[in-house]
Amino acid sequence: MANLPIVQFEKKIIETVEQNPVVVIIGETGSGKSTQLSQMLHRKGYTDSGIVAVTQPRRVAAVSVSRRVAQELGVRLGEEVGYAIRFEDRTSERTQIKYLTDGVLLRESLSNPELNQYSVIILDEAHERSLNTDILLGLMKRLVGSRASNLKVLITSATLDGEKVSKFFSDCPLLTVPGKLFPVEIFYSKERPTSYVESSLKTALDIHVREPEGDVLIFMTGQDDIEKLVLKLEDKVRSLEEGSCMDAIILPLHGSLPPEMQVRVFSPPPPNCRRFIVATNIAETSLTVDGVVYVIDSGYVKQRQYNPATGMYSLDVVQVSKVQANQRAGRAGRTRPGKCYRLYPSRVYNDEFLDVTVPEIQRSSLAGTVLYLKSLDLPDIDILKFDFLDPPSTESLEDALKQLYLIDAIDENGSITSVGRTMAELPLEPSLSRTLIEANEYGCLSQALTVAAMLSAETNLLPNRSKSNEKKRKHPPLDLPDGSGFGDHIQLLQIFECWDENDYDIGWCKYYDLQVRGMLFVKEVRKQLSQIMQKIAKGSSDVQANQSRKGHQNYRNLRKALCIGYASQLAERMRHHNGYRTLGFKSQLVQVHPSSVLQPDDDGLYGSYVVYHELISTSRPYMRNVCAVERQWVMPILDKLEKLNVSKLR
DNA sequence: GTTAGGGTT
């Protein structure tokens, strides 16, 4: 701890904090900011009048950093030093330093807008610009001016955007703390390669043959490319190995890899052996691999974007930002001087790369965010003028307002309704929280809880359909429930009910190729949602997962509740074919996703109306996760849509 | 007739 660079700056940092309500700290990698800032403030006595909070964008970081600080202070985790993440609060009356995810802090500010228990709030890793951090930045700006008791705010960021954050907080002071990285030599390509898989392959082999020992970390965009490159590398390395150079181990690393495969990168290689780790941006911030000396950066990353004009998401391969490229390069300098090979010219880095990653708030649907802000009841708030560091477009905010209006969360004047207030208490997308409230009225809350929980984990449930996995299957695809023809929401419900019938057996999940991690997560979400709904519905007891199964049923009430909740995600079938058009504000032609279990009728046609969970544009525009609904439920929504006047919703 | 970057309440 004593040799962390930040320790020398303690006096300066404390002085600056004493004299200013907000301070921006540029803390480079390895500066020790995450563990030391809170302790400095504690030493100065800031924990006498309240708690020092440190937010993190990720759960694992909140846990691991707090553990470290507890250790350094020689206290038991959960007492003077603790953490709070979803499903787990390890703090006590005695807690003085609290690490928490930014999402948890947002939840807390819902019930206590002044956050009075905190004397200091440190927003760590603000340069990552997560949706939640961006909301917090806006809230902090209001709070430092308005809170009765004294509040200090510290924001840690990266070199390239520190100025901007400082400017946002009325030109507050900006301190730079050096990191503890070894120098990393950067090599640029002469031009962009036609294939970055091939180019990575060539660069990796060059390193293997010419450079001294040290692991190689290669940044690719996704699972597909990773698997391709791993195969090619294995092939080439095998043909090299006839004594000419050291051994090699090649490891893929991405988010959909089972945890036991992910942790393989943490075990050190045998002697005289080089590891090649072929990774997504998971290795940029979430996982740190020791022993890396060489980095190969493709310069690309996959990013999910939302288009408010169409309501459609797409997953695009885009160029990384300068901050990301530097973060990637820095991964080579953790243990000794390293080298970074950028598969693009310096001109591209300088002229084409953005300084900072486009913040998530400008790439997401904002219905949840806007509902959250409305529910805070901030005085004289105009959502369209909320002071964001990087404001989302008016179009995106209006899209959110329209969605909220259609599901009764705000009235025609844009004021939050009592339904909207209840919705904001649920940790769900607005469409699903609206569904729960309606389901409670119709006596099918238990089913809706399951559907909402399943959809909260959806991408982590079903197995990965990559080609290599296809071959690994021990048995042919098994018969999971089929949604009784009504579609994917009903299927998700039925799957969970089966699991419940099998006493939540892990073996059952494995047998059906369902991701165990995902299913356990669903169970926890469902429990949390049940508790909140029981509080809201004052003793409603219809929350048992096994309550509803009574032979054949048509799930009518549940589908009706879904129709109300997804009022802004409705589609009508075209008269003569099986395509649909969305009934939102701008009509889109879309198809039911081929993976859907929705079944056509005897004439081979789908039902006239469906609601969908999301629109995703891949090879074509698709509706993912659809549920058949009835015309008579749709009509009132269409009436409401006609009366809609966006300009009044502001 | 098909998608999977990373997070979070």
Side-chain angles (χ1 to χ4, degrees), chain A residues 55-62 84-89 100-111 125 128-136 219-227 253-257 262 279-287 298 300-305 313-318 320 324 327 357 359-361 363-364 368-369 371-372 375 423-430 432-433 452-453 456-467 469-470 515 518 521 524-525 528-529 532 578 591-596 614-625:
Chain A
T55 69
Q56 293 290 329
R58 281 172 296 281
R59 297 161 53 94
V60 277
I85 59 179
R86 188 180 189 180
F87 307 132
E88 200 184 353
D89 184 351
L100 68 175
T101 50
D102 40 25
V104 169
L105 188 60
L106 282 177
R107 283 286 127 188
E108 288 184 358
S109 95
L110 212 47
S111 49
E125 317 288 5
E128 289 186 28
R129 305 300 304 274
S130 77
L131 179 54
N132 288 338
T133 304
D134 268 20
I135 301 169
L136 281 173
F219 284 102
M220 303 299 289
T221 61
Q223 188 178 350
D224 246 28
D225 289 346
I226 288 172
E227 284 172 4
L253 182 61
H254 52 83
S256 39
L257 222 50
Q262 285 190 7
T280 59
N281 52 338
I282 194 170
E284 224 172 77
T285 50
S286 306
L287 294 178
S298 65
Y300 288 106
V301 66
K302 261 184 194 163
Q303 247 180 26
R304 199 172 135 95
Q305 336 245 17
Y313 281 95
S314 59
L315 196 60
D316 306 327
V317 174
V318 300
V320 297
Q324 273 180 300
Q327 177 74 25
T357 315
E360 215 184 337
I361 201 162
R363 299 188 277 117
S364 314
T369 302
L371 179 61
Y372 174 85
S375 75
M423 286 167 58
E425 286 181 50
L426 290 156
L428 285 174
E429 294 159 52
L432 292 174
S433 38
S456 299
E458 202 263 340
T459 49
N460 300 314
L461 287 185
L462 302 171
N464 271 306
R465 283 239 174 263
S466 77
K467 276 151 214 152
N469 279 352
E470 204 86 348
Q515 287 190 43
F521 176 75
E524 275 203 280
V525 174
Q528 185 188 35
L529 296 176
I532 299 172
N578 256 347
Q591 305 278 324
V592 175
H593 195 275
S595 67
S596 175
E614 75 174 357
L615 293 182
I616 174 104
S617 173
T618 53
S619 55
R620 315 161 73 163
Y622 286 117
M623 297 183 283
R624 259 192 28 176
N625 290 315

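Throughout, protein chains are lettered first and strands after them, A, B, ... in sequence-line order, and every chain is numbered starting at 1. Values below: all heavy atoms of this structure, side chains included; hydrogens, waters and symmetry mates excluded.
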Item to complete: Return the 5'-most residue of the pair A:S130, A:L428 with respect to DNA chain B, ranking by each residue's nearest nucleotide.
Response: A:S130

Discussion item. A:Y622: which residues meet the ring pair (Phe, Tyr, Trp, His ring centres under 6.0 Å) condition with it, sequence neighbours left out?
Written reply: A:H593

Discussion item. As a test of reading the structure: which of B:dT9, B:dG6, B:dT2 is closest to the side chain of A:H593, going by heavy atoms?
Written reply: B:dT2

Worksheet item: Which part of the nucleic acid does A:V104 contact within heavy-atom distance under 4.0 Å: base, sugar-phosphate only, or nothing?
Response: sugar-phosphate

Discussion item. I need the CD-P distance between A:Q324 and B:dG5, as an integer number of Å.
Written reply: 15 Å

Worksheet entry | Main-chain N/O of A:F219 paired with A:S298 side-chain donor or acceptor, under 3.5 Å | yes

Worksheet item: Do any side-chain nitrogens or oxygens of A:S595 fall under 4.0 Å of OP1 or OP2 in B:dT2?
Response: no

Worksheet entry | Nearest-angstrom distance from the residue atom CD of A:E125 to C1' of B:dT8 | 15 Å

Worksheet item: Whole Å only: how far is the CZ atom of A:R129 from the P atom of B:dG7?
Response: 19 Å

Worksheet entry | Rounded distance in Å - CG (A:L432) to C1' (B:dT9) | 13 Å

Worksheet item: If you check every side-chain atom of A:S619, which of B:dG6, B:dT2, B:dT9 has the closest atom?
Response: B:dT2

Worksheet item: What is the nucleic acid contact for A:L315, judged by heavy atoms within less than 4.0 Å: base, sugar-phosphate only, or nothing?
Response: base

Discussion item. Using heavy-atom distances to pick each residue's nearest nucleotide on DNA chain B, tell me which of A:P427 and A:N281 is more 5'.
Written reply: A:N281

Item to complete: Please identify each residue that fulfils side-chain hydrogen bond (donor to acceptor under 3.5 Å, both in side chains) with A:S596, with sequence neighbours left out.
Response: A:D488

Worksheet, complete the sentence: Among B:dT2, B:dG6, B:dT8, the one nearest any side-chain atom of A:T280 is B:dG6

Worksheet entry | A:R107 (side chain) and B:dT9 (base): donor-acceptor pair under 3.5 Å | yes

Fill in: Options B:dT9, B:dT2, B:dG5, nucleotide nearest the side-chain atoms of A:R363
B:dG5

Worksheet, complete the sentence: note: A:D89, atom CG; B:dT9, atom C1'; distance rounded to Å ~ 14 Å

Discussion item. Using only modelled atom types and a 3.5 angstrom limit, is any donor from either the side chain of A:E360 or the base of B:dG6 paired with an acceptor on the other?
Written reply: yes

Fill in: Rounded distance (Å) that lies between atom P of B:dT8 and atom CD of A:E108
16 Å

Practice prompt. Using whole Å, report how far NZ of A:K302 lies from P of B:dA4.
Written response: 4 Å

Item to complete: Please state whether the phosphate of B:dG7, meaning OP1 or OP2, lies under 4.0 angstrom from any side-chain nitrogen or oxygen of A:S286.
Response: yes

Discussion item. We want to know whether A:N132 and A:S130 form a side-chain donor-acceptor pair, criterion being a heavy-atom distance below 3.5 angstrom.
Written reply: no

Worksheet item: Got A:D134 and A:R129 here, is their nearest side-chain heavy-atom distance under 4.5 Å?
Response: yes

Fill in: N/O (side chain, A:T101) to phosphate O (OP1/OP2, B:dT9) under 4.0 Å
yes

Item to complete: May I ask you to say what A:Y622 touches in the nucleic acid, namely base, sugar-phosphate or nothing, with a heavy-atom cut-off under 4.0 Å?
Response: sugar-phosphate

Worksheet entry | Atom-to-atom span, CG of A:L105 to P of B:dG7 - whole angstrom | 21 Å

Practice prompt. Identify which nucleotide among B:dG5, B:dT2, B:dT9 has an atom closest to any side-chain atom of A:R304, counting heavy atoms from C-beta outward.
Written response: B:dG5

Item to complete: For A:I85, report the nucleic acid contact type (base, sugar-phosphate, nothing); a contact means any heavy atom under 4.0 Å.
Response: sugar-phosphate

Worksheet item: Does A:Q327 reach the side chain of A:V320, with side-chain heavy atoms less than 4.5 Å apart?
Response: no

Discussion item. Tell me whether the side-chain N/O atoms of A:R59 come closer than 4.0 Å to OP1 or OP2 in B:dT9.
Written reply: yes

